[in-house]
Amino acid sequence: MKLPDKTLNIPDAIAAIPDGATVLVGGFGVPGTPFTLLNELARQGQRDLVLVKNDANEAGMGIDHLIGNGQVRKLIVTHLGLNANAIAAMNSGALEVEFCAQGILAERIRAGGAGLGAILTDIGIDTELANGKQLVEMNGSAMLVEPALRADVALIHAAIADPFGNLGYAATARNFNPLMAMAATRVIVEAEALVPLGGLAPEAVETTGAFVDHVVELTEISQEYGIVRR
Amino acid sequence: MKLPDKTLNIPDAIAAIPDGATVLVGGFGVPGTPFTLLNELARQGQRDLVLVKNDANEAGMGIDHLIGNGQVRKLIVTHLGLNANAIAAMNSGALEVEFCAQGILAERIRAGGAGLGAILTDIGIDTELANGKQLVEMNGSAMLVEPALRADVALIHAAIADPFGNLGYAATARNFNPLMAMAATRVIVEAEALVPLGGLAPEAVETTGAFVDHVVELTEISQEYGIVRR
Amino acid sequence: MSDARSRMVARAAQEIAPGMVVNLGIGLPTQVVNHLPADFPVCLHSENGLTGIGAMLPYDKADRNLIDAGGAYVSTVPGSAFFDSAVSFALVRSGRLDLTLLGAFEVACNGDLANWKIPGKFSPGAGGAIELAQKARRVVVMTTHCDRKGNPKLLDACTLPLTARGRVARIYTDMAVVDVTPDGFALRELAIGISVADLRAATGAPVTIPHSDIPTF
Amino acid sequence: MSDARSRMVARAAQEIAPGMVVNLGIGLPTQVVNHLPADFPVCLHSENGLTGIGAMLPYDKADRNLIDAGGAYVSTVPGSAFFDSAVSFALVRSGRLDLTLLGAFEVACNGDLANWKIPGKFSPGAGGAIELAQKARRVVVMTTHCDRKGNPKLLDACTLPLTARGRVARIYTDMAVVDVTPDGFALRELAIGISVADLRAATGAPVTIPHSDIPTF
């Protein structure tokens, strides 16, 4: 026995995404955003997408390209603060935006990855984020039902991967990536470095390859991944 | 600024546990069981404890000492398979036992550590593990409400720790330890090795010390931690 | 191990397709790996937090911190990964476990499985069995056809507390390969030397017999 | 930064007790760390997955993968740890965050906080603000006493969408230190040069004034 090889090229990995797909996108700001996979998705032009991401990147990078192309029907996000384009698209009605508390978005995705139905939480009670949500009484307190969020596809950025899809992340580029890597039917990973099986120690693996479908190695780290001088 | 120092000696760490406490105990079989902390708890003799653990260890080791001493009022566990003493105590009525599906026990503890109220799951539906549990309807399907499990104390075994309580685990000694280390008011860690701040790389930390209250260094690895020849 | 049981194990090994993530129950199921080629691409999962289970190790070579869910000392392979118990069952529940091979006390012709409790006799707790049986993409049972007293384990309905309802797809026994179909048990293959009459006598529910030749194993 | 604001920041730094885990909101709150001694034992938390935030770094020394939740390039300290976004908010919600210092649009005299949305003008989403405000053990606000137009931010009731209800314990402004008590706002300290009359004029709700001397900062 040996562990299966899941390496693939970028165009073929992205070509498996159909129109209308719900897509989880890793990253918090620049770190951990799979820019190369997103650029290929922009190039291939799949439409009517529902994107789930912490933020909307900044104007001119990452998912902003997809929003600008009109490929995105809906965005589930915790904030849009740094992307004026996305705010404008939301305000004009061109883009449907669902806001979620940051940790609850993380938990909803994790619940999807963990095969749970939902979590019960009091986060957001007394705020407009509770509007329209199912309530359950538990020990005399009202709790919100926050449904698990599972997607068709997850686009993940890793610092290091092996061919089975075991992953390691760099610093705060971890963020939503390990959660999203558990929560999609098709998990596509771009890795800055691809090492042979055994190149990642079992203790150092942050996402087991058992959750991963495709691994692509980045041949260059483009400027988008770099320092942003504001 | 520097990170706080949480090192303490074993008797003082355990002395903070009162009678009647609910105590999470790490480990799956031998690996990850905090034998030294448990032995001190057996020596100090706190009573009326509720223990939460994957299993009941084996006769003559770990929580079996506490059960044998009559210190345990109730045990929440996934199975008792290897401990005939525990099964006998349960069958005689001396020990109350609540069984939980293994992954659901993990999720209930994690939910406690994550400050959630509960998880909704279909695991156990159609089995007697569903008996008496609250049901919620979600999208037309019945889901069980599995309440978050938080405890007064967690007893954790780590391979390596720094004084702030950042932890690393060895191999399958990880198991329930990182989950339990998030889910108690007082988290007490025994570590096989204590390294200075900075001795664990930030990427290698498996539990951030922000969850940990006390760190004790083991001065010897007693026979209980060793290979069991069956 | 009897010859028929050995052939059952070898036959069940063919359940494992390239690329699968597989969880093997304690006991006989773990032995199917002995029938896979050295370069066969598969990922073995252990509930206590390991993907990529390697060979079992003798005590003098064992790592005290590295066991499988049955408590056996095992090794890693290139590409193994460790994780906590929550992640381990996340994998099981979220559809990433392609196959589980489990033992059974009873299997019913509607796919119900009982393999964790005999009231009054054996009630150590289910461990991870309920999640494996309820959520693996394919649930396959491997068991002796009858219990030690000769009573059938393949039944019209389970009498013991259930592990999961309607989840068993196929059963490998020392007498036959039997599928669970919408019409109940359906014979697929017979062990060498077993007749249809033998099988019917040893089975506690009707079994559909194919009209064509019945393969043997 | 004005002198009064500098003194507000310095005064607010005294909120941080040894051993605390602290989350500092974007902007002025992050500056309180400049008023702590080098060996002060504290753990700074960043929502994007970091405990042990080190100094901010200039662009030419920054690590492209190491930012705080506000997007600033930061460094680690000995004992820093990285984790995912779920663990990061697990820490916040489960009571491990001793203190958060947040900015505000409005604070009401019952402790209500509004700091994430101005309908029709500013609605980028709350990010992690709701969880910080709802679950930190102690929620302290640091803000100018009035907005840019001179309107009070400390009010009888919030007019903007709430971040959290009844959670603010204390407010540091460029005019005063004000506690939220069961009887509403209570003055604790005044900025140098500010009178009780100044404070009352700039506050949109009654303020209880102590009978004894009022300390200044």
Side-chain angles (χ1 to χ4, degrees), chain B residues 28-32 54-56 58 77-84 86-87 90-91 97-111 113 121-129 157 159 169-180 192 206-207 221 225-230, chain C residues 26 46-50 53 57-76 80 82-93 112-114 116-117 119-135 160-167:
Chain B
F28 186 120
V30 164
N54 176 64
D55 55 82
E58 298 175 49
V77 78
T78 82
H79 69 88
L80 305 174
L82 290 170
N83 188 341
I87 293 176
M90 172 178 71
N91 289 342
V97 177
E98 175 184 329
F99 288 108
C100 196
Q102 197 165 98
I104 297 305
L105 183 64
E107 287 295 326
R108 289 182 61 195
I109 294 164
R110 192 197 164 279
T121 177
D122 60 356
I123 294 296
I125 281 186
D126 294 331
T127 78
E128 58 182 59
L129 287 186
H157 179 86
Y169 307 97
T172 58
R174 191 181 308 198
N175 56 68
F176 281 80
N177 279 301
L179 309 166
M180 291 177 167
E192 298 194 12
E206 289 159 0
T207 294
I221 305 302
Y225 295 94
I227 304 287
V228 181
R229 294 170 188 253
R230 293 185 184 92
Chain C
I26 298 169
S46 186
E47 299 97 291
N48 57 326
L50 170 61
I53 309 177
L57 294 179
Y59 293 128
D60 60 342
K61 299 210 166 137
D63 174 345
R64 65 188 164 89
N65 288 312
L66 182 44
I67 62 173
D68 68 13
Y73 293 99
V74 295
S75 54
T76 57
S80 290
F82 301 127
F83 36 81
D84 67 43
S85 297
V87 169
S88 191
F89 282 90
L91 184 160
V92 173
R93 286 188 308 264
D112 288 0
L113 173 67
W116 73 281
K117 184 172 184 179
K121 283 192 187 165
F122 179 80
S123 55
I130 289 174
E131 284 151 297
L132 290 171
Q134 201 173 324
K135 292 296 180 181
L160 296 171
L162 290 189
T163 310
R165 186 176 294 283
R167 292 284 300 143

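Note that these values count all heavy atoms, side chains included, but never hydrogens, waters or copies made by symmetry.
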Verdict with reasoning, B/I104 to C/E131, per side chain to side chain contact (heavy atoms under 4.5 Å, CB included): CA-CA 9 Å; B/I104 297 305; C/E131 284 151 297; 3.7 Å; yes
Stepwise side chain to side chain contact (heavy atoms under 4.5 Å, CB included) check, B/R110 with C/D84: CA-CA 11 Å; B/R110 192 197 164 279; C/D84 67 43; over 6 Å; no
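Both the backbone and the side chain of B/D122 come within less than 4.5 Å of a heavy atom of chain C. For B/V228, the parts lying near chain C are the backbone and the side chain together; criterion is any non-hydrogen pair under 4.5 Å. Interface remark: B/Y225 contributes backbone and side-chain atoms alike to the contact with chain C (heavy atom separation under 4.5 Å). Using a 4.5 Å cut-off between heavy atoms, B/L129 touches chain C through its side chain atoms alone. Proximity to chain C (any heavy atom under 4.5 Å) is shown, for B/E58, by neither the backbone nor the side chain. Of the two parts of B/I123, the backbone and the side chain both hold a non-hydrogen atom closer than 4.5 Å to a non-hydrogen atom of chain C. If you measure heavy-atom distances from C/A69 to chain B, the contacts under 4.5 Å come from both the backbone and the side chain. The part of C/Q134 that comes within reach of chain B is its side chain, from C-beta onward, which places non-hydrogen atoms under 4.5 angstrom from that chain. Heavy atoms of C/T163 lying under 4.5 Å from chain B belong exclusively to its backbone. Heavy atoms of B/I87 lying under 4.5 Å from chain C belong exclusively to its side chain.
Here the CZ-CZ distance, from B/R174 to C/F82, works out to 8.0 Å after rounding to the nearest 0.5 Å. Summarising the geometry, atom CG belonging to C/L162 is positioned 9.0 Å from atom CD belonging to B/E128; distances are rounded to the nearest 0.5 Å. Between atom CZ of residue C/R167 and atom CG of residue B/D126 there is a gap of 11.5 Å, rounded to the nearest 0.5 Å. C/Y73 contributes atom OH, which lies 5.5 Å from atom CZ of B/R230 (distance to the nearest 0.5 angstrom). Interatomic distance, C/F83 CZ to B/T172 OG1, rounded to the nearest 0.5 Å: 10.5 Å. Rounding to the nearest 0.5 Å gives a distance of 8.0 Å between CZ of B/F28 and OG of C/S88.
The minimum heavy-atom distance between C/I130 and B/T127, with the atom names listed, is CD1-OG1, 4.2 Å. Contact between C/S123 and B/F99 at its shortest, heavy atoms only, is O-CZ, 3.6 Å.
A 4.5 Å side-chain heavy-atom check between B/L179 and C/S85 finds at least one atom pair inside the cut-off.
B/E107 places no side-chain N or O within 3.5 Å of a backbone atom of C/F89 that could act as its donor or acceptor partner.
Looking only at heavy-atom pairs under 4.5 Å with chain C, the residue among B/A106, B/A171, B/G226 that has the most is B/A171. Counting heavy-atom pairs closer than 4.5 Å to chain C, the top residue among B/Q102, B/E206, B/M90 is B/Q102.
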